[in-house]
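Worksheet: the structure to be examined is printed underneath.
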Amino acid sequence: QVSLQHPQLLHLQGRLGESLIEVSHRQIRFLASPCRGKQCIHAGWLTKGGDFMACLPNQVSIELHSAETAEFDAIAY
């Protein structure tokens, strides 16, 4: 877990190599990754609670947890 309060760069080791994660302005994103397709990078910033992004080839994922900005896409009873 990391705080989004302060800008930072995170170097996470995955199956293929290192993914670079950027935290800035209370948002987080993949900045660089060793995967071929780079969909994780092109997906952009995670900004709301519940947002999720993964680099499947490198087996690195990010999930944004925040009670303040959580949004529901479905509720079942």
Side-chain angles (χ1 to χ4, degrees):
Q1 291 185 349
V2 298
S3 171
L4 301 181
Q5 298 296 325
H6 307 287
Q8 56 186 310
L9 293 176
L10 306 168
H11 301 266
L12 301 178
Q13 188 63 36
R15 191 178 125 246
L16 299 176
E18 186 176 87
S19 288
L20 183 60
I21 310 298
E22 179 183 17
V23 175
S24 181
H25 303 289
R26 298 180 56 88
Q27 304 174 95
I28 191 167
R29 69 175 176 166
F30 278 89
L31 190 59
S33 191
C35 60
R36 291 175 60 189
K38 311 288 186 207
Q39 286 92 350
C40 53
I41 297 169
H42 297 299
W45 293 97
L46 297 181
T47 59
K48 296 185 215 88
D51 283 354
F52 177 84
M53 184 183 316
C55 179
L56 296 179
N58 202 29
Q59 298 180 349
V60 174
S61 63
I62 303 169
E63 184 175 1
L64 191 56
H65 294 273
S66 174
E68 297 172 2
T69 58
E71 293 184 8
F72 299 99
D73 60 356
I75 297 176
Y77 293 94

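Each residue takes its place number in the sequence, starting with 1. FYI, side chains are in, hydrogens and waters are out, and symmetry mates aren't considered; it's all heavy atoms of this structure.
Residues Met53 and Trp45 do not share a hydrophobic cluster, defined by chaining ILVMFWY side chains whose heavy atoms lie under 4.5 Å apart. Under a hydrophobic clustering in which Ile, Leu, Val, Met, Phe, Trp and Tyr are joined whenever their side-chain heavy atoms come within less than 4.5 Å, directly or via other members, Ile62 and Leu56 fall into different clusters.
For Ser19, the side chain to side chain donor-acceptor pair (under 3.5 Å) criterion is met by Ser33, Asn58, not counting sequence neighbours. A search for salt bridge (Lys or Arg N to Asp or Glu O under 4.0 Å) contacts involving Glu22 returns Arg29, not counting sequence neighbours.
In this structure, CG on Leu10 lies 10.5 Å from CD on Glu18, to the nearest 0.5 angstrom. A distance of 11.5 Å separates CD of Gln39 from CZ of Phe30, quoted to the nearest 0.5 Å. Put simply, CZ on Arg15 and SG on Cys35 are 11.0 Å apart, with the number rounded to the nearest 0.5 Å. Remark: Lys48 NZ to Gln27 CD distance equals 10.5 Å, nearest 0.5 Å. Atom CG of Leu12 sits about 13.5 Å away from atom CD of Gln59, to the nearest 0.5 Å.
Under a cut-off of 6.0 angstrom, the local environment of NE2 in His11 is crowded, with over 12 non-hydrogen atoms contributed by other residues, nucleotides or ligands.
Members clustered with Leu31: Leu9, Leu20, by chain and number, using a 4.5 Å side-chain heavy-atom cutoff among hydrophobic residues.
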Show your working on side chain to side chain contact (heavy atoms under 4.5 Å, CB included) between Val2 and Ile21 and close with a plain yes or no.
CA-CA 11 Å; Val2 298; Ile21 310 298; over 6 Å; no
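Between Leu16 and Pro57, the shortest heavy-atom distance links the atoms CG-O, 3.5 Å.
The backbone N or O of Thr47 lies less than 3.5 Å from no partner atom in the side chain of Arg26, so there is not a single donor-acceptor pair.
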